[in-house]
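For the single chain, residues carry numbers from 1 onward in sequence order.
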Amino acid sequence: MDFRLTGDQRALQAGVRVLLEGRFGRERLRAAVDKPGPGPGPALDRALWRELGDAGFFALRLPEKDGGVGLGLPEAVLAFEEAGRALLPGPLVATHLAAGTVPGAATGESVVTRVDGELVEWLDAADCVLGGLGGLGVPGNAAGAVPVRSVDPLTPLHRVRAGADGARAVPAPEAACRSEAAVAALLTAAEQLGSAARTTEAAVQYAGEREQFGRPIGAFQAVKHLCAQMLVRTEVARSAVYGAAVTGDLVEIAGAKLLADDAAVRNARDCLQVHGGMGFTWEADVHLHLKRAWVRAERWPTAGEAADVLAGALL
């Protein structure tokens, strides 16, 4: 079996990257971070959301007869990898999953979020709130949700009250596999993979430019090892994510999420280490990748929950 990307898949990935670089490049990213919306949290760019819809981002897996692109999970993973690389904000996974179910989700006219445990992202910007794991196709109950401080400046969070209809317990593996919860986990893992790859590139670039003692810091063995370890984590996670996209197996998806979360968080930390004192500043983008990676790592399945799924498969 050939797991290499096809020409069409590479073209899709390149097209999404060009779209995001032109529509949400670094200047737009920094503007979104430094100039929040009129409310207490960041504002969602509705024009960008509709543009993503026009490009088929949300309708990638929707059948052509229903107005979608008619592609599969592997192609969606490639698109979400690019979104993670660009730190594209918004409830991307929930809106993608709602295509064909919630009117306007496929075209980007509607913003859809979902309850994940006790938290819901982008509640104030959402037109529709869906239930939690195992209930992605039914309305969620976010009544009485209160805003909580988010570590990521571009991921506003609300906490739903205990016992709300949307705050469902984590489903059994069989139920998760039947629902879209497994797909949500894999698409989140793809976003983490994109972030891990981007921080690896940023670290290597900075190591080649920053000089100390008359030579680039990338010439020093300690820095070389950091960058090499970042690359290894990224490529291991890539293999797991791409493989799970082909098989759709819940256990493999749990493993992919576990590896991608680890790669995104640890690579951002190592990227910060390579940047030294510069990496700690607000002007550098490293902290944005680290904070987003922390938030995504808390989506189902978390590291502990993924480990439980993998352990259960071994028993």
Side-chain angles (χ1 to χ4, degrees), residues 3 5 9 12-13 16-17 20 57-58 60-61 71-97 114 116-117 119 121 132-133 136 152 155 170-171 173 176-177 179-200 230-269 289-311 313:
F3 284 97
L5 299 183
Q9 288 173 331
L12 170 66
Q13 190 174 35
V16 174
R17 180 174 298 190
L20 295 181
F57 186 90
F58 301 119
L60 271 175
R61 297 187 305 121
L71 298 178
L73 189 55
E75 288 75 23
V77 160
L78 296 176
F80 273 79
E81 180 183 347
E82 292 303 316
R85 173 190 175 88
L87 286 178
L88 187 64
L92 299 165
V93 173
T95 303
H96 177 88
L97 294 176
R114 68 184 178 95
D116 189 345
L119 296 175
E121 300 177 4
L133 301 175
L136 293 175
D152 178 19
T155 308
V170 174
C177 194
S179 71
E180 290 282 281
V183 177
L186 184 59
L187 296 181
T188 299
E191 290 182 291
Q192 294 282 61
L193 171 61
S195 180
R198 180 68 189 97
T199 51
T200 300
M230 293 172 69
L231 179 62
V232 169
R233 282 193 291 265
T234 299
E235 293 309 311
V236 169
R238 188 187 309 279
S239 297
V241 171
Y242 285 8
V246 172
T247 66
D249 180 75
L250 175 63
V251 175
E252 293 189 14
I253 289 175
K257 175 68 161 52
L258 186 65
L259 288 169
D261 284 345
D262 180 69
V265 172
R266 294 180 64 185
N267 279 17
R269 287 175 172 171
H289 280 278
L290 179 57
K291 292 169 181 175
R292 186 73 61 85
W294 279 334
V295 171
R296 292 196 194 111
E298 291 305 310
R299 296 178 189 167
W300 188 86
T302 62
E305 291 162 343
D308 286 343
V309 173
L310 292 170

K.L.:
Which heavy atom of V251 sits nearest a heavy atom of A313, and at what distance?
P.N.:
CG2-CB, 3.7 Å

K.L.:
For A190, enumerate each residue passing the side chain to side chain contact (heavy atoms under 4.5 Å, CB included) test, keeping only those at least two apart in sequence or located in another chain.
P.N.:
V77, F80, V241

K.L.:
Indicate yes or no for a side-chain donor-acceptor contact from T188 to the backbone of A184 under 3.5 Å, with no hydrogens or angles considered.
P.N.:
yes

K.L.:
Should the pair R238-E81 be classified as a salt bridge under the 4.0 Å nitrogen-to-oxygen rule?
P.N.:
yes

K.L.:
Starting at CG of L310, measure out to CD1 of I253 and round the result to the nearest 0.5 Å.
P.N.:
11.5 Å

K.L.:
Write down the atom of A185, the atom of P301, and the distance for their closest heavy-atom approach.
P.N.:
CB-CD, 3.5 Å

K.L.:
With sequence neighbours left out, what residues match R269 under salt bridge (Lys or Arg N to Asp or Glu O under 4.0 Å)?
P.N.:
none

K.L.:
Report yes if some heavy atom in the side chain of K257 is under 4.5 Å from a heavy atom in the side chain of D261; otherwise report no.
P.N.:
yes

K.L.:
Please walk me through it: do E180 and R61 pass salt bridge (Lys or Arg N to Asp or Glu O under 4.0 Å)?
P.N.:
CA-CA 12 Å; E180 290 282 281; R61 297 187 305 121; 2.9 Å; yes

K.L.:
Just to verify, what does R299 make a salt bridge (Lys or Arg N to Asp or Glu O under 4.0 Å) with, not counting sequence neighbours?
P.N.:
E121, E191

K.L.:
With sequence neighbours left out, what residues match Q9 under side chain to side chain contact (heavy atoms under 4.5 Å, CB included)?
P.N.:
L5, T6, P74, E75, L78

K.L.:
Please name all residues satisfying side chain to side chain contact (heavy atoms under 4.5 Å, CB included) with R266, sequence neighbours left out, ordered by chain then number.
P.N.:
R233, D262

K.L.:
Atom CG in L186, atom CG in D249: separation rounded to 0.5 Å?
P.N.:
11.0 Å

K.L.:
Would you confirm whether D152, through its side chain, and K291, through its main-chain N or O, come within 3.5 Å as a donor-acceptor pair?
P.N.:
no

K.L.:
Could you tell me the separation between the CZ atom of R85 and the CZ atom of R198, rounded to the nearest 0.5 Å?
P.N.:
5.5 Å

K.L.:
Determine all donor-acceptor pairs shorter than 3.5 Å in which one atom belongs to a side chain in residues 86-95; sequence neighbours excluded.
P.N.:
residue: T95; atom: OG1; partner: P91; partner atom: O; Å: 3.0
residue: T95; atom: OG1; partner: V112; partner atom: N; Å: 3.1
residue: T95; atom: OG1; partner: V112; partner atom: O; Å: 3.0

K.L.:
OG1/T199 to NE2/H289 distance, rounded to the nearest 0.5 angstrom?
P.N.:
6.5 Å

K.L.:
Over all heavy atoms of both residues, which pair between S195 and R296 is shortest? Give the atoms and the distance, please.
P.N.:
CB-NH1, 4.0 Å

K.L.:
Closest heavy-atom contact between A244 and A256?
P.N.:
CB-CB, 4.2 Å

K.L.:
Shortest non-hydrogen contact from A79 to V16?
P.N.:
O-CG1, 4.0 Å

K.L.:
Looking only at heavy atoms, which two atoms of A83 and F57 are closest? And how far apart?
P.N.:
CB-CZ, 4.1 Å

